[in-house]
Structure formats: structure tokens, C-alpha cells
Amino acid sequence: MEICSAAIVGPIGEKITNCAVDPVFRQLDYLVHFRSNVNNLSDQRKKLVETRDFVQHAVDSAKSNGDEIEGMVVEWLSITKKFSDEVDRFFNEANGRSLRWWNMLSRHRFSRRATKMAMEVVKAIEEGRFERVAYRIPPQGIMMLNNSKKFEAFESRVLILKEIIEALADANASVIVVHGMGGVGKTTLVEEIARLVIEGKLFDALAMTTVTQIPNVKRIQGEIADQLGLKFEEEKDRVRADRLRRRLEMEKKVLVILDDVWAKLDLEDVGISSHHKGCKILVTSRKDDLYFGDFGTQKNIKIDVLAKKEARNFFNKMACDFVESSNDSDPEMEAVATELADECAGLPLALATVAQALKGKGRPIWNDALHELKFPSQPNNYGVNKEAYSSLKLSYKSLNRDEARSLFLLCSLFPQDYQINIKYLLMYAMGLGLLNGMNSLAAAKWRILSLVDELKTSYLLLDGADSDFVKMHDIVRDTAILIASKMKSKYLVRHGSGESLWPSMDEFKDYTAISLGCSDHSELPEFICPQLRFLLLVGKRTSLRLPEKFFAGMQELRVLDLTSLCIQRLPSSIDELVNLHTLCLDDCVLPDMSIVGELKKLEILSLRASDIIALPRVIGELTNLKVLNLSNCFKLKVIPANLLSKLTGLSELYMDNSFKHWNVGHMNEGNINARISELNNLPRLTTLHVHIPNPTLLPNASVFGNLSGYRILIGDGWDWSGKFETSKTLKLKLERGIQREDAIQALLENTENLYLDELGSASARDILFSLDHKGFPKLKCLRVKNNSEIVSVVNSDSMQHLHSAFPLLESLFLKNLDELGSICRGRLPQMSFRNLKIVKVESCNRLKFVFPSFMGRGGLIHLQKLEISECRAMETIVSKGIETQMQINGDKWDEKNKIEFPELRSLILQHLPELMSFYCYDSLAVPSTKRDSDQIISAIKTGFHPLLNQQVSFPKLETLKLHALNAGKIWQDQVPSSFSGVKNLTSLSVVDCASIKYLMTITVAQSLVNLERLEINNCKMMQAIIISEDKDLDNNHPSKSILQNQNVFPSLESLVISRMDALETLWDKEATSGSFTKLKKVDIGQCKKLETVFPNYMLNRLTNLERLNVTDCSSVVEIFQVKVPVINGKQVAAIAANHLKELKLLRLPKLKHIWSTDPQRFLSYPSLQLVHTIHCQSLLNIFPVSIAKDLFQLEELKIQFCGVEEIVAKGGAEGDGDEYEDASFVLSGLTSLSLWNLFEFKRFYPGKYTLDCPSLTLLDVRHCKSFKLMEGTSENSTLSSALEKVEDDQSTQRGKIERREADADVLKETSTRKEEITTTVQDNVEAELIEIRAQLQALVVGQNQMMEHLAQLTTTAHQTISK
């Protein structure tokens, strides 16, 4: 029958598709194409799964990089997951039914469902083609602000600080140069400026970078881009500059701080444009003659040394408080302290270092230090002044250990402002033997960290980018090089093309350390350095040729570091380095390394990020090797068999993101790779970073048992992304259970950071149940995902010996665990989970609660962040048994059952459709009587069971996000006056909560005194944000006036309201004048019932409002409802000037007025800079005349697709005043005026007026036929000069248009002929369509007869079967 029907329809099927068919034929199509519709849905399902997996992988990768996922991506993943589940249910249902040809009703229904679902899936697939899934969060501040330096509020510095702030606020000053001698505190000062800018939100964006004496444009671009969330993929400086320029221009106001500039820098080459008027540049320099003339007005501010009184006070504060004047102070010590401070000549760097060096020391040492400062050795031309040199040398000499002094000098060998990796300090120090003969690497690590802390305490080192790095101030570095030059340890340090590379050859015999930048050199000469012990050559993947005898005169060399060089071949003379202990060839191109096997004393070999493909066999001959670093050697595919087993002295092996081809190859061919079991022959191995894709190849358990630090990845599919914050990390993925149980358990017993992914059933029970009796006593972080067997994390019922479970665990992450029913089954000892700080649970669809009640009451005292998402069965966060249930009568609770999360800062609950309450009953509890059952049912009704009630307290909660929940209310209506459960909340986001009718009652709102950000989105039933406790939204009962003398949201700065269909007002009339007074940004969109944005009673509370965006609100009639108060016939004095800067009104079809009437000076907006009104068809005008007269700072005015007749209304929006007959408008800041498609637009102002726009550079007028811009203007208007310039540009464009019109005339005749042909074709098509419809009608009649006949046959068949 299906074939027959297809034969009938086939000849005209294509035409049917292109017709507007009647519903009857569409239904027939469902029946005829049943199979193809179902198959199409199946195909689309596969595509959807592939697309979703692709997006999910991108999301996972972005998360591992710390990026923030786009909201639309998160929502799309959630929707597609629901689509997938719905399609799966469809096929499960279809497979369980008989859908043969005679079951036409079912086939029709399923075919129709399949068609519509396929259309939705196709749409979802299209929507899933994201250009990006995440964005990099611009740093909240800049990393330099984490520096250990602290700004001291000296009177002189505060004055300079104010001067800089005023210069930044000056619209005419584009560049501010802060100059002064080295060490005077320029960097500390601008860092304080940056902190103030961030805290005060003075700029939309801020970036700070250090330029240095030899600028590296690519690095400068990269550091600025990182702080703006921009990621470069280009290599060329010019292309990067163009992208950075465009990114900076996206910010209305941006501050770029360039620290330590030695000479004029071409900012255009960096990507900082002189045309971006909103970009301010703050520069620090030792030079007072820097001039950036291309960037407009420059202001120079000198920062001098401290006055004597300030210097003495600062020294006393840093050295010891007892020096300050007091009754029991020592006059002689005071005198010495005063002289010491004076000798530092007011230089803050010198004062800090000397004071710290003498802190806690006795008078003899102070007197000796004073003598040292008074009679110092004279520094030479290293650029270090006498005072700085003397004070820093004193700090150097005051260090407690020779090792610290040696490490201090060693740090000076790195380039200026370099991020010094502490691991390299360790390798260098070990190679040079600076640690008093210490041979143990583990002990050496602790010693290096101790020495670094000592140097930081003495202000000789600074904090680096993170805990693994340090920095050295340029003055301190120069001093260290100078100190070394006057000792036996003479240093040569040259980095950058601006420095002379080589001194005279005679001087080389005295050098003990050489550090050179080789980026601009392709070859180095031969020289003799008999005392050289340290050699560092740094390039940028630079091709460098070394002479064959380059190392011939360096027999004492102990450390050789060749970084980022393309070395054609290592010179044969390298085998003469008989004393070499440390060799670093990081990020190098190395064609041949076989000669390295001759370095028999080598202890440390680092090949990190080099392009080596095969590790030479001769490496196995380095029997003294202690450290082998092969990290990030992406091309490394071959490590010969038995090579590693020969390195019996190896203590540390690093193979992060590198070799993983264990046991690959053929023994018969002699090219088999190393076996992981070779590690069994390394008895001294203490640190191991390795990836073992095949779990069956694990070495003996004894190897893992001796490790003090490890990063081990077991199983395929792992990567090395993410932060490794602990020393012992294990990533485990097993498909067929544990093959080497002893080895796995040896790792698990000591692991601090554990990742579990896709474990088989046997593996899951072995790890999560069998090992639970030990409780993972050292584990700090646990991540478990993608498992369908795990039913609980801890099962105390199966533990033979009840020990504390996870006593040190800080982070717990659970994701995609299909069978997880509980995190904890059974009661646990008191210290279990005691240290938990972060919990994230995602996509665990059988989990009904997170914490049992005994954990919620006092067991989670350190929890700081809780995030639960995509758990379809989740009913409550903390379960509560029947024995502790509330007393229904009187709605009272037992105080002993109250739970508190004293340290919780962030709570995120999203996509939990069954969530009833944060703290509720155990869902598995069974009521003992019908009365108990009735009480429970009554208690869990949405209307009576708020998500958060007074029994749950979060005294330090700062962020609360509630997305896609079905709870009827968030907080209970009436809370006691002492309620402080969320008093520290600063950010609240409520999205897609369809059942909530109001956000909170007034008493709850009054407790949110610190709330700064509020977002409400797509809560369809919400009618009000704040209501009185007794207000009934359903019955519209009046509410009492309970807001007297009560402030609501006094700290709120940002308000975002969108897609709120039922919301009619945002504010409460009875709130006091202190409510909402700190609002700075308001975004309102798609609120269908909202008519007035700001009622009259709100106007006096909006003085701090800076940005207002109102979009897609179909009922909005007015933005500001203005009613000028009058007392005894006189207008009340004006309120303070508003700070509104940006006003954007988009797609508001009923908007008539922005201001309902002219405020007559009662309101003013002198800070307004940008106004956009687009698609506001009912809008009559933009500004009342009194407001227009104050728009001195207005820069951009854009009016498009509006019904505007005039820009400025005479006497108000209704035209009801004649006060301004001869008006004057000074728009001195206006640079851009855009007027598009204003068909009713007539004039700027209906009366006589003067218009002054001296800065206008862009006038864009399109489709404004009735508009006469100059109509009504007086001779004093300056707009005509601006128009002349604009008209010149427009005349050029007009010529181009006329040429195009001439070309169009040539095509006109051809177009006419085409129209005639088209008309003929249309007539023929219509005739064919009439014939087709007739055929279809006949087909329907036949089909109906066939359906009746089939029904009769079916009835007969059923009767026969019954008989």
C-alpha cells in the first residue's frame, strides 16, 4: 500500500512541495512518508549528538583554561540534552508499538511527531554553530597589584596621587608622564592609581605593562591583551597591533599604564591609537624629556624623593616602632635612626631595604651600618646612584646566610623585569654548588624556598606572576651586578640589541658568569674564560652557530643554559666541559645530541619544549644524572629500551605533555620503545610526571610508594590541562577494572589530587568502597565523572573499621554519574569531610540530595563554594529526617535543627526542576501515620515551602545564582528582625524561575544591605520584585505601609531585568529616599507590561545612575515620569545633578517621551555623553529644553527609525511653555550626530535658537526628507562650519552615486524585458497549480474511500480473531 501511494503522488510530488497545500494534504503527507520522516529524525538525532559533543568538548577545554562559558551556550546544552532525551523517549515508545501499515492512526501520529521534532532538532543544530563558546574574563585588577610592595600615604605622595587622578579626569590630557629617579616609588604609585581606578570604576578597562630599557613590543602587546581578555593568534607585530587597537577602541574609557619607559615608544606600533579620545596613557620613566606629541596634550608630573620628616617617619615605621618618640625611647638610638634615614637621601627603596636589614638588631650593628653608609665605595656607571647602591649593599651584607647572598647575585643574571622561575634557581644553585654541598634534591628545594623568602623579606626580591616565580627590581638588579663586579665573581650581563655585546677579549678571563641575549646574533666568537662557571645564552628560536672550539676555554663551567636557540650542531668542544653539572636546552631546535653522552658529571639535564624526536641512547651513559626534564617535548616519540633503567641515580623524571608511547615497537627489529617497568630499576626516584595510557603496563607498587611528588595519568584520553596545585596528582581512567591493584592502591594512599573518569563497575567498587576503610586521609581534591556504576562516594555500611572519610578533602567535583544516589551512605565519624571548601555536582540525575542532615549541622564549617546543576531528581540540598521535621502547627522550628554554613561565599543552583528547598526532609523517609503523611505533603507545597528559610544561615554569602528552578518563592515571607542569613550578599541572579510571583518581601530586602548586583531574567509569573508581607498578589489585596524609615538595597549598583512578562513596576513607592541611591547601571529588556521605567518618586534616588539601557519593552510609554514639586506656588529647589552618562533606548514602539514633561531645572544631566534612540516609532522628541541646555559633555547622539519631529521640545514634551523663546544650545563635546529614517523629523528646535557644536566631526543624515537643520538658527550658530566640512565629503559620495545611477540606467531596459518574461512564466505556473489542486482533491476522495474500506477490513479481522 505504501508503494502504491508513492506511485500515485510521485509525478506531482515536487510541485506539491512548492505549493501552499491545504492542511488535508499535509496530513496525508505524514502518512505517506512515515518511514522517511522517522529515519530523518534518527539522522538528525545523530547530528545533534555529534554537535552537542563537539560543543561540550569545546566547553570543557575552555573551562580548563579558566574561561567563562557564554550563557547562551550553557542554555543550548541544556535544551539539546532535553531534546535528546525526548527523541530517545520517542524511539523507545515507537519500538514498543506495532506500526505496520494497517495501524494508520499511530503511524500518522508518530510521523507527525517525528517531523516536528526533526524540525526542532535541525533548528537546535543550527543554533549550536557558535563562533565561540566562552570568553576570557578580564582580570579583576592586574597581577602587579598583588605585589608585596605597599603604598605609603605620605603627604607628598598623596598630593601627587591627587594630581594624577585630576589629570586622568581632564578631558584635554591624553598622556600623563610620571618621572623621577630610580627607586623613588613611581611603580608603587601607579599601582595604587590602578587600584583606585578599579575600585572606583573610573575607567571601563585598565591594562598595565612594564616596558623596560629594551622594549619588546610583542610582550607588551601580549600583556595588555591578556588584561583585556584578548587572545592573539597572529605572530606579526603589525597585525597584533591592529587587533589590539580595535580591542581598545571597543572601550569607551580605557587606561593604559606603561611602567619603566626609558625612551619614546611608538605607541601606534604597539596598537594604542592617538585617535581614540577615550584612551588615557599613564607613563612612568626615569627620564624627564619623554614627549608623546602625536597623542595630544601631555602632562608631566615629577615625583621627588621624600622630605626628611617623611623619610625619618618611614624609616622608623619599617625598622622598629621603639625608635619613635616616646617616654621610654633611647635618645641615642633615635639619633642614629635619624642619621640612617638622612643617609638614604629620601629614597623609599633605600629606606625600606636598610630598615628591614637593621630591624631587631642592636646598637653596634646600627652604628656600623651608619659608618658604611657615610663612607661607601663609589659605584661606577651602572646607572645606580650612591644612596641606592649604599643602602642595597648594606641590605645585601645584612643577609643571614652566604647562600642567600649567592642566590641574590644569581638572580641578577636574568634579563630585566624577568619572571624568574624558582625551579631554575634550584637547578642553577645545585649546578654551581651554592647550597653548601647539599646533594638531596628534596632538601635543596626547601632550602631554595627558604632563601627566596629571606630575600623577599629584605625587599631584594618581589613576588612574581604566581607562587612559582619571583622578580627583581631593576635598581636592585643593577646593584647586584655592580656588587658582583667588585668581587671575584665578576658578571657580564647583556640582553637586548641596544647594548654592546662583547667587551674586550682580555676581560673574559675574569668573568665567572655570563648572561647574553642572542636574538640579534647568528654567530658568537671564540673566547677564553678559564674562571667561567655559569653561561646563559637566550634567544627567540634564533639560529645560532657556535664555533667548534667555543667551549675549549671553559673547563670550570658548571651550568650551561642555551634557551630558545636553533643550534645547527653542538660544538665538539662541549666534551671538554668535564665539570658541567647542569645543562638546559629548553625550547631549542637540536638536530643531534649524541655528544652530550660525554658529559659524565652531568646531574641535571633539561630539554623542556625542545623539538627532539628521539632521545639518544648515549643519555643512558649519564649515570650521575639526578634530574631529567622532557616536559612539553611534543615531538618525542622514541625512548630506546633499557635507557631509563641505566639512570640508576635519577631522582626526578618530568614527562608532562610529552612521551607516552610505552612498549611500542618490535623486539625483533630492535626498535622497541622503553617499558614503563624500567622505572623499577630507579631506586632513588622521588618525583615522577608521566602518562601511562595502558593501565596494564604499570610498574611495581614499590616505585609509587617511594615517590614524594608525582603527576601520573593512567588511561587513555587524559591531557595535562588544569592547575596542579598539589604535589601528588593522579588521573585514573580504567575500562576493564584494576589490573595492577597493588600499584593503584600504592598511589591512592598518598594522592592529594585525584581524577576518576570512566571506571568500570569493578574498578568503581575497588576504589570508592574497598578503599574507603582508609578514608583517603591525604586527599585534598577529588574529581569523579562519566561513570554509570557508582552509587555513593562513601559507604560507611561497607567499612570494616570506621575511620574519618576524606578528613583533608578541600574540593569535590562530581559530574555525569548516572547511578549516584548519595554522596554519603550511612553515618560517618565527626572529622569526615571536615575541611571541605568547594563542592560542584553536575548531571547526577538520580541524586535527590547532596548532604545528609548530620553533615549540614556543623560538619561543613569551611565550605566556601557550592554549585549544583543539571540534576533532574534533586529535591533538596541538605536532607532532613522525619525525626527532626518542623512542627507544622504554629509553623515553628526547633532551634537545635538550624544549620549554618559560616564560610560559604558562593551558592549556585541551576537547572534543578524538582528542587523544593535547600533544607528539607529525606525523600526516602516513610511517614508512620496518615497524619504524618498529611503534614509532609502540606509542608512541601511550593507556596508554603521557600527555597531558603530562616533555618538556613549563610552569614558570609556573597554570590547567589538561582537558574531554572521551580520553587515558588526564594525566602519565606516573614523573618525575624534579627535575620542575617544573607546579610553579606553582594550579587543575586534569578533566571528562568517560572513559578516565582515575587522576589522577596520587604523584611528580606532590608537585610540585603550589601547587595550590589541584581539580575532577574525570564521569570514569567513574577509580578513584583519587592512586596509587603501581607500583600496578596492573587487577590490584589492592599498592603500596609511598612516601608517607613526603611532603606531598600542601599548598596545596589547594577540592576538587570529582562524577559519579565508579568512585571508591571520595578520599584516600591513607599521605600525611603535612601533606597537604590547607589544605582550606577540599569538594563531593562523585554518587559511586556512595564509602562514607566522611573516613576516620579524615584527621580531623587538616581543621582548616581551612569548607564541606562531599555530595550524591547512593548508597553513603555515614558522613561522618566517628571512631576516638578511645587509648594505655595513655588518650585522646590533642584535635586543634585545626575551622573547619567549613557542612555540607550531600543525598540520601544509605544515610547512617547523620555522625560514626561520639562523638569524646569529641577533635574539636570550635565554628564550625559551618549544617547541612542532606535526604533521608537511613537517618540516625539528627545530632550526637554531645560535639559538640552546642560548637555556640554554630550559626545554621540544617534536617532534612527523613530517618529521624532524635533530633537529639543519647546517648553516640555507637551509643548506647554513659552519660557525659552530664544534658546542657546552649547554642545561643545558633540563629535557624532546620526539621524536615520526619521520621516516625521522637521527641525532641531521649534523656536529661535543658536547651536554651537565646535567638535562635530561626523554628521550622518539619511532619509530625513522634511528636516531642515539650520531652520531657526541665528547667525551665531557654529554648526555651519561643521556642515561645510561634512558637505565636502558628501559631495564626493554624491558623485559616486550619480555614476552608479548612470550604470543602473543601462540595466533598466534589460530589467523590463525580464519582467515581461517573468509575467508569462507566472501565468503558466498558476495554470499548472490549478490542475494540480484538482488532481489532489481527487486523490483525497480516493484516499477517504480507501480509509473506510481499511476500517471495514480491520473490523472483520478483529471479529474473526475473537471467534
Could you walk me through whether Leu244 and Leu228 pass side-chain contact (heavy atoms from CB on, under 4.5 Å), step by step? CA-CA 9 Å; Leu244 181 58; Leu228 296 173; 4.1 Å; yes
If we ignore hydrogens and angles and just use 3.5 Å, is the side chain of Gln419 paired with the main-chain N or O of Ala465 as donor and acceptor? yes
Near Lys728 NZ, under 6.0 Å, is it more than 12 heavy atoms from other residues, nucleotides or ligands? yes
Arg684 side, atom CZ; Thr648 side, atom OG1 - distance, nearest 0.5 Å: 7.0 Å
With rounding to the nearest 0.5 angstrom, report the CG to CG distance, Asn657 to Asp719. 8.0 Å
Answer whether the closest heavy-atom distance between the side chains of Leu562 and Leu544 falls below 4.5 Å. no
In Thr687, Thr751, Asn750, Thr686, the residue satisfying side-chain hydrogen bond (donor to acceptor under 3.5 Å, both in side chains) with Tyr710 is Thr751
Given 3.5 Å as the limit, does a donor-acceptor pair link the side chain of Arg783 with the main chain of Leu756, or not? no
Restricting to non-hydrogen atoms, name the atom on Leu590 and the atom on Ser610 that form the minimum distance, rounded to 0.1 Å. CD1-CB, 4.4 Å
The side chain to side chain contact (heavy atoms under 4.5 Å, CB included) partner of Leu814 among Asn787, Val793, Ile790, Val839 is Val793
Of all heavy-atom pairs linking Val703 and Leu685, the shortest is CG1-CD2, 4.5 Å
If you count heavy atoms of other groups shown closer than 6.0 angstrom to CZ of Phe469, is the number above 12? yes
Ile604 and Tyr428: side-chain contact (heavy atoms from CB on, under 4.5 Å), yes or no, with the steps? CA-CA 9 Å; Ile604 298 174; Tyr428 295 165; over 6 Å; no
Between Lys445 and Glu652 (salt bridge meaning N to carboxylate O under 4.0 Å), is one present in this structure? yes
Would a distance-only check, ignoring hydrogens and angles, find a side-chain to backbone donor-acceptor pair under 3.5 Å from His691 to Gly715? yes
4.5 Å side-chain heavy-atom contact, Leu605 and Leu625: yes
Check whether any side-chain heavy atom of Val627 lies under 4.5 Å from a side-chain heavy atom of Leu441, and answer yes or no. yes
Is there side-chain contact between Phe659 and Val638, with at least one heavy-atom pair below 4.5 Å? no
Would you check, one step at a time, whether the test salt bridge (charged side-chain N to carboxylate O under 4.0 Å, His left out) holds for Lys456 with Asp463? CA-CA 8 Å; Lys456 288 201 288 188; Asp463 289 331; 3.0 Å; yes
Test log, rule side-chain contact (heavy atoms from CB on, under 4.5 Å), inputs Ile676 and Leu698: CA-CA 7 Å; Ile676 195 68; Leu698 297 179; 5.8 Å; no
Any donor-acceptor N/O pair, Lys780 side chain to Leu809 backbone, under 3.5 Å: no
Can we say Asp757 and Lys731 salt-bridge, meaning some charged N sits less than 4.0 Å from an Asp/Glu carboxylate O? no
Side chains of Gln221 and Arg240: is there a donor and an acceptor less than 3.5 Å apart? yes
Presence of salt bridge, Asp468 and Lys423, under 4.0 angstrom: no
A quick test of your reading: do over 12 heavy atoms of other residues, nucleotides or ligands sit less than 6.0 Å from NZ of Lys865? no
Between the SG atom in Cys844 and the CG atom in Asp818, the distance rounded to the nearest 0.5 Å is 8.5 Å
Less than 4.0 Å between a side-chain N and a carboxylate O, is that true for Arg541 and Asp587? yes
Heavy-atom pair of closest approach, residues Leu779 and Asn753: CD1-N, 3.9 Å
Report yes or no: do Asp561 and Tyr424 form a side-chain donor-acceptor pair below 3.5 Å? no
Before you tell me yes or no, could you show the steps for Cys781 and Glu810 under side-chain contact (heavy atoms from CB on, under 4.5 Å), namely the whole-Å CA-CA distance, both residues' side-chain angles and the distance that decides it to 0.1 Å? CA-CA 6 Å; Cys781 180; Glu810 297 180 359; over 6 Å; no
Would you compute the distance between atom CG of Leu650 and atom CG of Leu653 and round it to the nearest 0.5 angstrom? 5.5 Å
Show the nearest heavy-atom pair for residues Val589 and Cys566, with the distance to one decimal. CG2-SG, 3.5 Å
For Lys637, is the NZ atom crowded, meaning more than 12 foreign heavy atoms sit under 6.0 Å from it? yes
Value for CZ (Arg905) from CG (Leu863), rounded to nearest 0.5 Å, stands at 11.0 Å
Closest approach of Asn816 and Ser843, non-hydrogen atoms and distance? OD1-CB, 3.1 Å
For a quick test of reading the model, state the closest non-hydrogen atom pair linking Pro699 to Ala743 and the distance between them. O-CB, 3.6 Å
Under 3.5 Å, side chain of Asn673 to main-chain N/O of His661, donor-acceptor pair present? yes
Do Leu461 and Cys411 have side chains that approach each other closer than 4.5 Å (heavy atoms only, starting at C-beta)? yes
Indicate yes or no for a side-chain donor-acceptor contact from Trp76 to the backbone of Val55 under 3.5 Å, with no hydrogens or angles considered. no
With heavy-atom distances below 4.5 Å as the criterion, would you say the side chains of Thr582 and Leu560 are in contact? no
Within a reach of under 6.0 Å around CZ of Phe634, are more than 12 heavy atoms found that belong to other residues, nucleotides or ligands? yes
Side chain proximity check, His689 to Met655, heavy atoms < 4.5 angstrom: no
For Lys626, does the NZ atom have more than 12 heavy-atom neighbours from other residues, nucleotides or ligands under 6.0 Å away? yes
Has the side chain of Glu678 got a donor or acceptor atom that lies under 3.5 Å from a matching backbone atom of Ala674? no
So does Thr210 get a backbone contact from the side chain of Arg219, meaning a donor-acceptor N/O pair under 3.5 Å? yes
Any side-chain to backbone donor/acceptor pair from Asp586 onto Arg608? Under 3.5 Å, distance only. yes
Quick check for you: to the nearest 0.5 Å, what is the distance between Asn700 atom CG and Asn681 atom CG? 9.5 Å
Quick one: does Leu836's side chain get under 4.5 Å of His862's, heavy atoms only? no
